[in-house]
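Positions are given from 1 along the sequence. As the structure is a computational prediction, the values presented were derived from the model and not from experiment. When reading the values below, keep in mind they use all heavy atoms of this one structure, side chains included, and skip hydrogens, waters and symmetry mates.
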Amino acid sequence: NAGALASFLWTVDGGSTGNSTAGAFENVTLRARDAQGNTITNYTGTVSLSTTTAGVGDGVVQWDAVTPDADGVLTNLTEDDATYAFALSDAGVAILRVTNTRAETYQVRAQDGGVIQLSGNIVNASAAANKTEVLSGNAQSATVDTRVASPPMVRVLDQFNNAVAGSAVTFTAVGGGGSVDATAGGPIDSTVVTASDGRIDCDVWRLGQIVGLNRLRAHIVSGSITSVDFTATGTAGAGANLDLAPNSQSVTQGTALIVT
(Lines give C-alpha, C1' and ligand atoms only; values in the text may rest on other atoms or scores of the structure.)
Protein backbone atom coordinates (compact mmCIF):
# COMPACT_ATOMS: atom_id res chain seq x y z
CA ASN A 1 0.00 0.00 0.00
CA ALA A 2 1.05 3.61 -0.59
CA GLY A 3 2.36 5.60 2.34
CA ALA A 4 1.20 8.92 3.86
CA LEU A 5 0.50 12.00 1.76
CA ALA A 6 3.73 13.66 0.66
CA SER A 7 2.81 15.58 -2.49
CA PHE A 8 0.17 16.36 -5.08
CA LEU A 9 0.53 16.14 -8.84
CA TRP A 10 -1.41 18.43 -11.15
CA THR A 11 -2.03 17.55 -14.78
CA VAL A 12 -3.33 20.22 -17.18
CA ASP A 13 -4.45 19.36 -20.71
CA GLY A 14 -2.85 15.97 -20.27
CA GLY A 15 0.53 17.55 -19.47
CA SER A 16 2.21 19.99 -17.13
CA THR A 17 0.86 23.19 -18.77
CA GLY A 18 -2.28 24.16 -20.63
CA ASN A 19 -4.12 26.74 -22.71
CA SER A 20 -7.62 28.00 -22.09
CA THR A 21 -10.01 30.85 -22.87
CA ALA A 22 -11.49 33.39 -20.49
CA GLY A 23 -14.78 32.12 -19.12
CA ALA A 24 -14.27 28.55 -20.39
CA PHE A 25 -13.69 25.58 -18.10
CA GLU A 26 -10.26 23.94 -18.11
CA ASN A 27 -9.89 20.37 -16.86
CA VAL A 28 -7.20 19.84 -14.23
CA THR A 29 -6.41 16.47 -12.67
CA LEU A 30 -5.27 16.26 -9.06
CA ARG A 31 -3.43 13.18 -7.79
CA ALA A 32 -2.45 12.46 -4.17
CA ARG A 33 0.98 10.77 -3.81
CA ASP A 34 3.24 9.36 -1.13
CA ALA A 35 6.95 10.08 -0.73
CA GLN A 36 7.82 7.51 -3.42
CA GLY A 37 5.41 9.03 -5.94
CA ASN A 38 2.81 6.29 -5.59
CA THR A 39 -0.86 7.23 -5.89
CA ILE A 40 -2.60 6.98 -2.53
CA THR A 41 -5.67 5.05 -3.61
CA ASN A 42 -7.33 5.27 -0.18
CA TYR A 43 -6.80 9.04 0.24
CA THR A 44 -9.91 10.81 1.59
CA GLY A 45 -8.48 14.15 2.64
CA THR A 46 -10.05 17.57 2.08
CA VAL A 47 -7.91 19.73 -0.17
CA SER A 48 -7.93 23.52 -0.21
CA LEU A 49 -7.95 24.83 -3.78
CA SER A 50 -6.89 28.28 -4.96
CA THR A 51 -5.10 29.98 -7.84
CA THR A 52 -2.51 32.65 -8.52
CA THR A 53 -4.97 34.85 -10.42
CA ALA A 54 -4.58 38.61 -10.17
CA GLY A 55 -8.37 38.91 -10.32
CA VAL A 56 -10.42 40.19 -7.41
CA GLY A 57 -13.97 39.14 -6.60
CA ASP A 58 -16.13 36.05 -6.36
CA GLY A 59 -16.97 35.86 -10.07
CA VAL A 60 -13.45 35.70 -11.48
CA VAL A 61 -12.53 32.08 -10.70
CA GLN A 62 -14.94 29.19 -10.19
CA TRP A 63 -14.23 25.51 -9.55
CA ASP A 64 -16.24 22.43 -10.46
CA ALA A 65 -15.90 18.65 -10.23
CA VAL A 66 -16.05 16.62 -13.42
CA THR A 67 -18.48 13.77 -12.99
CA PRO A 68 -18.18 10.81 -13.10
CA ASP A 69 -14.41 11.31 -12.72
CA ALA A 70 -14.62 13.01 -9.33
CA ASP A 71 -16.93 11.46 -6.74
CA GLY A 72 -16.04 13.75 -3.85
CA VAL A 73 -17.60 17.04 -2.76
CA LEU A 74 -16.42 20.34 -4.22
CA THR A 75 -17.39 23.60 -2.49
CA ASN A 76 -16.71 27.05 -3.91
CA LEU A 77 -15.79 29.63 -1.26
CA THR A 78 -15.04 33.35 -1.57
CA GLU A 79 -12.70 34.85 -4.19
CA ASP A 80 -10.87 32.00 -6.00
CA ASP A 81 -10.94 29.55 -3.08
CA ALA A 82 -12.65 26.18 -2.93
CA THR A 83 -12.33 22.82 -1.20
CA TYR A 84 -12.52 19.31 -2.54
CA ALA A 85 -13.15 16.37 -0.23
CA PHE A 86 -11.82 13.22 -1.89
CA ALA A 87 -14.14 10.22 -1.88
CA LEU A 88 -12.73 6.73 -1.38
CA SER A 89 -14.01 5.86 -4.86
CA ASP A 90 -11.75 8.56 -6.35
CA ALA A 91 -8.83 6.20 -5.64
CA GLY A 92 -6.57 9.20 -5.03
CA VAL A 93 -7.25 10.90 -8.39
CA ALA A 94 -9.90 13.55 -9.13
CA ILE A 95 -10.59 15.41 -12.36
CA LEU A 96 -11.65 18.93 -11.52
CA ARG A 97 -12.19 21.97 -13.71
CA VAL A 98 -11.59 25.65 -13.23
CA THR A 99 -12.76 28.73 -15.09
CA ASN A 100 -11.11 32.16 -14.99
CA THR A 101 -12.59 35.28 -16.60
CA ARG A 102 -9.24 37.11 -16.75
CA ALA A 103 -6.90 36.88 -19.71
CA GLU A 104 -3.70 35.98 -17.89
CA THR A 105 -1.21 33.23 -17.17
CA TYR A 106 -1.98 31.61 -13.85
CA GLN A 107 -1.58 28.42 -11.82
CA VAL A 108 -3.86 26.34 -9.63
CA ARG A 109 -2.86 25.36 -6.11
CA ALA A 110 -3.71 22.39 -3.85
CA GLN A 111 -3.03 22.27 -0.12
CA ASP A 112 -3.62 19.71 2.62
CA GLY A 113 -1.87 20.76 5.80
CA GLY A 114 1.80 21.33 4.99
CA VAL A 115 1.57 19.69 1.57
CA ILE A 116 1.23 22.38 -1.09
CA GLN A 117 1.51 22.00 -4.86
CA LEU A 118 1.20 24.50 -7.71
CA SER A 119 0.36 23.38 -11.23
CA GLY A 120 2.22 24.41 -14.33
CA ASN A 121 1.14 27.53 -16.18
CA ILE A 122 -2.33 27.84 -17.66
CA VAL A 123 -2.33 30.46 -20.41
CA ASN A 124 -5.81 31.98 -20.43
CA ALA A 125 -6.53 33.92 -23.62
CA SER A 126 -9.26 36.53 -24.05
CA ALA A 127 -12.69 35.46 -25.23
CA ALA A 128 -14.21 36.60 -28.54
CA ALA A 129 -14.47 40.30 -29.34
CA ASN A 130 -17.65 41.65 -27.78
CA LYS A 131 -17.49 45.42 -27.65
CA THR A 132 -15.50 48.44 -28.74
CA GLU A 133 -14.86 51.66 -26.83
CA VAL A 134 -13.49 55.10 -27.63
CA LEU A 135 -10.08 55.74 -26.11
CA SER A 136 -8.98 59.06 -27.62
CA GLY A 137 -9.41 61.39 -30.56
CA ASN A 138 -13.06 62.32 -30.07
CA ALA A 139 -14.59 65.83 -30.26
CA GLN A 140 -11.78 67.44 -32.27
CA SER A 141 -11.91 70.33 -34.73
CA ALA A 142 -9.93 70.94 -37.89
CA THR A 143 -10.08 73.04 -41.01
CA VAL A 144 -12.37 71.58 -43.64
CA ASP A 145 -10.69 69.16 -46.06
CA THR A 146 -7.79 68.53 -43.66
CA ARG A 147 -7.02 65.65 -41.30
CA VAL A 148 -7.66 65.81 -37.56
CA ALA A 149 -4.57 66.25 -35.42
CA SER A 150 -5.07 63.22 -33.17
CA PRO A 151 -5.84 59.85 -34.81
CA PRO A 152 -9.10 58.41 -33.39
CA MET A 153 -8.31 55.35 -31.24
CA VAL A 154 -10.52 52.51 -30.01
CA ARG A 155 -10.04 49.42 -27.88
CA VAL A 156 -11.79 46.09 -28.44
CA LEU A 157 -12.79 44.04 -25.37
CA ASP A 158 -14.35 40.64 -24.73
CA GLN A 159 -17.40 40.11 -22.51
CA PHE A 160 -15.17 40.10 -19.42
CA ASN A 161 -13.41 43.37 -20.37
CA ASN A 162 -10.19 41.70 -21.44
CA ALA A 163 -8.38 43.37 -24.35
CA VAL A 164 -8.78 41.39 -27.58
CA ALA A 165 -5.81 41.19 -29.93
CA GLY A 166 -6.19 40.53 -33.65
CA SER A 167 -9.75 41.85 -33.93
CA ALA A 168 -10.67 43.53 -37.22
CA VAL A 169 -11.97 47.10 -36.89
CA THR A 170 -13.44 49.05 -39.81
CA PHE A 171 -13.40 52.86 -39.79
CA THR A 172 -15.96 54.68 -41.94
CA ALA A 173 -16.77 58.38 -42.42
CA VAL A 174 -20.54 58.41 -41.89
CA GLY A 175 -21.31 62.11 -41.64
CA GLY A 176 -20.01 65.34 -43.11
CA GLY A 177 -18.20 63.74 -46.00
CA GLY A 178 -14.47 63.28 -45.68
CA SER A 179 -12.37 60.16 -45.97
CA VAL A 180 -10.28 57.71 -43.94
CA ASP A 181 -7.00 55.89 -44.39
CA ALA A 182 -6.69 53.53 -41.45
CA THR A 183 -3.03 52.73 -42.12
CA ALA A 184 -1.08 55.61 -43.61
CA GLY A 185 1.81 55.03 -45.97
CA GLY A 186 0.29 52.34 -48.18
CA PRO A 187 -2.83 51.74 -50.20
CA ILE A 188 -5.91 53.52 -48.81
CA ASP A 189 -7.71 51.15 -46.45
CA SER A 190 -10.42 51.28 -43.82
CA THR A 191 -10.00 47.98 -41.92
CA VAL A 192 -7.19 47.35 -39.44
CA VAL A 193 -6.41 44.79 -36.72
CA THR A 194 -6.02 45.45 -33.00
CA ALA A 195 -2.63 45.13 -31.29
CA SER A 196 -1.87 42.93 -28.28
CA ASP A 197 -3.44 45.51 -25.95
CA GLY A 198 -6.67 45.55 -27.98
CA ARG A 199 -6.01 49.06 -29.30
CA ILE A 200 -6.00 50.41 -32.82
CA ASP A 201 -6.30 53.86 -34.36
CA CYS A 202 -7.29 55.35 -37.68
CA ASP A 203 -4.15 57.06 -38.94
CA VAL A 204 -5.91 59.54 -41.21
CA TRP A 205 -9.37 61.04 -40.83
CA ARG A 206 -9.80 63.86 -43.33
CA LEU A 207 -12.85 66.04 -42.78
CA GLY A 208 -15.30 66.95 -45.50
CA GLN A 209 -15.31 70.23 -47.39
CA ILE A 210 -18.39 71.73 -45.68
CA VAL A 211 -18.16 73.61 -42.38
CA GLY A 212 -19.90 71.73 -39.57
CA LEU A 213 -20.18 68.36 -37.85
CA ASN A 214 -18.31 65.29 -39.15
CA ARG A 215 -18.76 61.75 -37.85
CA LEU A 216 -16.47 58.70 -37.97
CA ARG A 217 -17.61 55.20 -37.04
CA ALA A 218 -15.46 52.31 -35.75
CA HIS A 219 -17.14 48.93 -36.23
CA ILE A 220 -16.50 45.30 -35.29
CA VAL A 221 -18.33 42.34 -36.80
CA SER A 222 -20.31 41.13 -33.80
CA GLY A 223 -20.86 41.66 -30.09
CA SER A 224 -22.94 43.67 -27.65
CA ILE A 225 -21.47 47.03 -28.69
CA THR A 226 -20.39 46.66 -32.29
CA SER A 227 -19.74 50.31 -33.12
CA VAL A 228 -18.77 53.65 -31.60
CA ASP A 229 -18.74 57.09 -33.21
CA PHE A 230 -16.27 59.96 -33.14
CA THR A 231 -17.24 63.55 -33.92
CA ALA A 232 -15.19 66.43 -35.25
CA THR A 233 -16.10 69.95 -36.31
CA GLY A 234 -14.95 71.26 -39.66
CA THR A 235 -14.06 74.95 -39.51
CA ALA A 236 -13.56 77.48 -42.29
CA GLY A 237 -10.04 78.00 -43.51
CA ALA A 238 -8.23 81.17 -44.52
CA GLY A 239 -9.86 83.17 -47.31
CA ALA A 240 -8.71 82.04 -50.76
CA ASN A 241 -11.20 83.81 -53.05
CA LEU A 242 -13.11 87.10 -53.08
CA ASP A 243 -16.52 86.95 -54.73
CA LEU A 244 -18.23 90.25 -55.61
CA ALA A 245 -21.86 90.78 -56.54
CA PRO A 246 -22.75 92.06 -58.94
CA ASN A 247 -19.66 90.99 -60.81
CA SER A 248 -20.26 93.46 -63.62
CA GLN A 249 -21.97 96.83 -63.37
CA SER A 250 -21.82 100.21 -65.10
CA VAL A 251 -21.14 103.17 -62.82
CA THR A 252 -21.63 106.82 -63.67
CA GLN A 253 -18.65 108.94 -62.90
CA GLY A 254 -19.05 110.71 -59.57
CA THR A 255 -21.63 108.21 -58.17
CA ALA A 256 -21.33 105.28 -55.73
CA LEU A 257 -22.23 101.59 -56.10
CA ILE A 258 -22.57 99.05 -53.31
CA VAL A 259 -21.10 95.60 -53.94
CA THR A 260 -21.15 92.54 -51.69
Side-chain angles (χ1 to χ4, degrees), residues 21-23 59 101-104 124-249 251 256-260:
T21 302
T101 61
R102 283 180 56 91
E104 63 179 348
N124 211 39
S126 60
N130 182 63
K131 56 188 174 182
T132 182
E133 63 179 6
V134 172
L135 282 188
S136 62
N138 192 26
Q140 300 185 72
S141 62
T143 302
V144 294
D145 200 27
T146 66
R147 58 197 288 181
V148 296
S150 178
M153 178 180 290
V154 298
R155 178 168 55 192
V156 177
L157 305 172
D158 68 11
Q159 69 185 93
F160 307 109
N161 291 323
N162 298 301
V164 179
S167 178
V169 179
T170 299
F171 290 93
T172 308
V174 295
S179 62
V180 300
D181 188 6
T183 305
I188 294 177
D189 53 16
S190 60
T191 300
V192 281
V193 174
T194 55
S196 60
D197 59 1
R199 302 184 183 201
I200 193 64
D201 63 22
C202 179
D203 287 348
V204 178
W205 178 20
R206 183 177 295 275
L207 303 187
Q209 297 181 358
I210 306 299
V211 169
L213 186 66
N214 287 249
R215 193 177 301 276
L216 174 72
R217 180 162 296 159
H219 176 77
I220 58 175
V221 174
S222 62
S224 63
I225 304 175
T226 58
S227 64
V228 290
D229 287 358
F230 296 82
T231 60
T233 302
T235 59
N241 298 290
L242 181 62
D243 293 329
L244 299 177
N247 58 12
S248 177
Q249 181 71 44
V251 181
L257 177 68
I258 297 174
V259 295
T260 59

First locate atom CD1 of Ile200, then atom CD1 of Ile220, and finally report the distance between them rounded to the nearest 0.5 Å.
13.5 Å
Those residues that, when tested against Thr143, pass side-chain hydrogen bond (donor to acceptor under 3.5 Å, both in side chains) (two or more places apart)
none
Does some side-chain heavy atom of Leu207 sit less than 4.5 Å from a side-chain heavy atom of Val144?
no
Using 0.5 Å steps for rounding, measure from the OG1 atom of Thr231 to the CG atom of Asn138.
4.5 Å
Taking only residues two or more places apart in sequence, or in another chain, which ones meet Glu104 in a side-chain hydrogen bond (donor to acceptor under 3.5 Å, both in side chains)?
Thr53, Asn100, Arg102
Looking at Thr101, is its backbone amide N or carbonyl O close enough to the side chain of Asn124 to form a donor-acceptor pair, meaning the two atoms are under 3.5 Å apart?
no
Just to verify, what does Ser222 make a side chain to side chain contact (heavy atoms under 4.5 Å, CB included) with, not counting sequence neighbours?
none
Minimum heavy-atom distance between Pro152 and Trp205, given as atom pair plus value:
CG-CE3, 3.8 Å
Could you tell me which residues satisfy salt bridge (charged side-chain N to carboxylate O under 4.0 Å, His left out) with Asp145, sequence neighbours excluded, listed by chain and number?
none
For Leu213, look at atom CG and say whether over 12 heavy atoms of other residues, nucleotides or ligands are found less than 6.0 Å away.
yes
Going through the checks in order, is the side chain to side chain contact (heavy atoms under 4.5 Å, CB included) test met by Val228 and Lys131?
CA-CA 9 Å; Val228 290; Lys131 56 188 174 182; over 6 Å; no
Please tabulate, for the side chains in residues 163-183, all donor-acceptor contacts under 3.5 angstrom to protein atoms that are two or more places apart in sequence or on a different chain.
residue : atom : partner : partner atom : Å
Thr170  : OG1  : Thr191  : OG1          : 2.8
Asp181  : OD1  : Asp189  : N            : 3.2

Considering residues at least two apart in sequence or located in another chain, which fulfil the salt bridge (charged side-chain N to carboxylate O under 4.0 Å, His left out) criterion with Arg147?
none
Suppose we screen for side chain to side chain contact (heavy atoms under 4.5 Å, CB included). Which residues come up paired with Val221, at least two apart in sequence or across chains?
none
NE2 on His219 to OG on Ser190, rounded to 0.5 Å:
11.0 Å
With sequence neighbours excluded, what pairs up with Glu133 under the side-chain hydrogen bond (donor to acceptor under 3.5 Å, both in side chains) test?
Arg155
Check: Asn162 side chain, Ala103 main-chain N or O, donor-acceptor pair, under 3.5 Å
yes
Which pairs count as side-chain hydrogen bond (donor to acceptor under 3.5 Å, both in side chains) when at least one residue sits in residues 207-216, sequence neighbours excluded?
none
With sequence neighbours left out, what residues match Arg217 under salt bridge (charged side-chain N to carboxylate O under 4.0 Å, His left out)?
Asp229
Over all atoms of both residues, closest heavy-atom pair of Ala218 and Phe230
CB-CE1, 4.4 Å
Applying side chain to side chain contact (heavy atoms under 4.5 Å, CB included), can you list everything that pairs with Val193, at least two apart in sequence or on another chain?
none
Results of side chain to side chain contact (heavy atoms under 4.5 Å, CB included) for Ala184 - residues two or more places apart only:
Asp203, Val204
